[in-house]
Amino acid sequence: MRSDYSEQQSALQFKGGNLTITTLELLTPDCVQIEQELSRQTQKAPAFFCQTPVLLSFEQLEEMSVALEMVVDVCKRNGLIPIGVRCSQDMIKKSAWALGLGWFPPLTEHRLKEVKKTSCPQRLPTRFVKGTVRSGQQIYASCADLVVIGSVNEGAEVIADGNVQVWGVLRGRAIAGAQGDVEARVLCRQFSAELVSVAGVFQVFDTGEFPAANDLPVEVRLENDRLVLI
Amino acid sequence: MARVVVVTSGKGGVGKTTSCASIGTALAMHGYRTVLIDFDVGLRNLDLVMGCERRVVYDLINVTTGEAKLSQALIKDKRLDGLYMLPASQTRDKDALTYEGVGEVIDALKEEFDFIICDSPAGIERGAILAMYYADEAIVVSNPEVSSVRDSDRIIGLLDSKTRRAENGETVKTQLLITRYDPERVEHSDMMSMQDIEEILAIPVVGVIPESPAVLRASNQGIPVVHDAPSDAGQAYSDTVARFLGEEKPMRFVELERKGLFSRMFGGRR
């Protein structure tokens, strides 16, 4: 009975689960600077820096490659055990493989910058629309800015390859940078939009809560691939 | 010069037909020769509200197809001189209407009448588009609630693009009629206020009709509510038509009447 059981017992088992892990977001490739900063932190909380596994993230770095083995050494000297990297850079991913470290895909993909190349070859004159844009109407300014001198009502859509300006109340949908211009913006005098989008990054407002007090002008733009409403 | 006016809304059940009947009736009371055309083919109602359902012999489609003469299809109102109606067909569908046929009928009516009031069906399909196509002016009927206001917004967009005047680069003069308004519920934020609706739709308000039992009573009796002169809705329709004809009239029935202490204390007993 017992021997049967041991024969059937498997050697290992994969288990899914969520572990909280510390991420070390590196903001510079300079190992000297990293070492200085780390040793200062170590003195503050020595208990924390004792065989602590960390994930090295290079997402904020512009550099395509870093001296990963040196970064790993710096970490180990300070009591941190790197277990993997998170980055979009191919070179770093390869270095991690060589060092026996795991790889995680980046949290934010930097594909938006690539799209920019496909946008309009030249800007056309701004398109002006006077009056209310009403439910069911759609206005598209191809390769141009769009200025609505009036309100955009719920159920209406205003779209431009450039910027969208609404001089009245924006209640409907506004889409700027429709062909991927990440510099495009949506501007309106009063904001209660259903949806805004810049270069394909969109946000819906289904709770009826808006970022600005109802009677203030709002600017929507992209910052680090995220929409910012001011 | 005859004026062609469409009464439309997008949404159903907001009071297009009721309003059409009362507006037409009030125009006739002012002495204008007025004809009401029911465009709601297949769901004919205007004849009921006007109380002439038993006198329908020929209808709009019979006229457009040449089966009947216009004079045969027109029904004279039994209460007022100079008021006529052209009923819709109950047995056909809206595809039976053609742009040419409707255009000919309206041109012929323009010879005889001062006002041609078109009662639009609900929706934004062929019937509604045909009802508005030849219009010079529009009265958009809206209830104080979001879906009705949104549908009205859609209809105003169509009035600006799908009418003959729009095709010729002219505008259709569009005014707003708010029906079933209840100032008390507006006060409690259960209902949109006149100001909110006006701001969203961005067209002038020609009238506000209060929610009133007189409206349903009148419809069921087949007497347009404007004949019920003492009623609030009747007076509101009279005011609306006066404004439509260019008179300055203050809006009534839009503010909550503050009840005095005594009527609040003894209101229940009366």
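In what follows, chains carry the letters A, B, and so on, assigned in the order in which the sequence lines appear, proteins first and then strands, with residues in each chain numbered from 1. As the structure is a computational prediction, the values presented were derived from the model and not from experiment.
A:N153 places no side-chain N or O within 3.5 Å of a backbone atom of B:L201 that could act as its donor or acceptor partner.
For B:E211, the salt bridge (charged side-chain N to carboxylate O under 4.0 Å, His left out) partners are B:R180, not counting sequence neighbours. Applying the salt bridge (charged side-chain N to carboxylate O under 4.0 Å, His left out) criterion to B:D40, with sequence neighbours excluded, gives B:K94.
Between the CD atom of B:E199 and the CZ atom of A:R171 there is a distance of 5.0 Å, given to the nearest 0.5 Å. The structure places CG of B:D151 at 7.0 Å from OG of A:S135, a figure rounded to the nearest 0.5 Å.
Interface residue A:T132: only side-chain heavy atoms are found under 4.5 Å from chain B.
Atom CD of A:E25 has more than 12 neighbouring heavy atoms from other residues, nucleotides or ligands inside a 6.0 Å radius. In this structure, B:Y99 places its OH atom where more than 12 heavy-atom neighbours from other residues, nucleotides or ligands lie under 6.0 Å away. Environment of CH2 in A:W97: sparse, with no more than 12 heavy atoms of neighbouring residues, nucleotides or ligands closer than 6.0 Å.
Along residues 155-172 of chain B, the residues that come nearer than 4.5 angstrom to chain A, judged on non-hydrogen atoms, are B:I156, B:G157, B:D160 in order of number. Scanning residues 116-149 of chain B against chain A with a 4.5 Å non-hydrogen threshold yields no residues.
What you find for A:E154 and B:D153 is that their closest heavy atoms are O-OD2, 4.1 Å.
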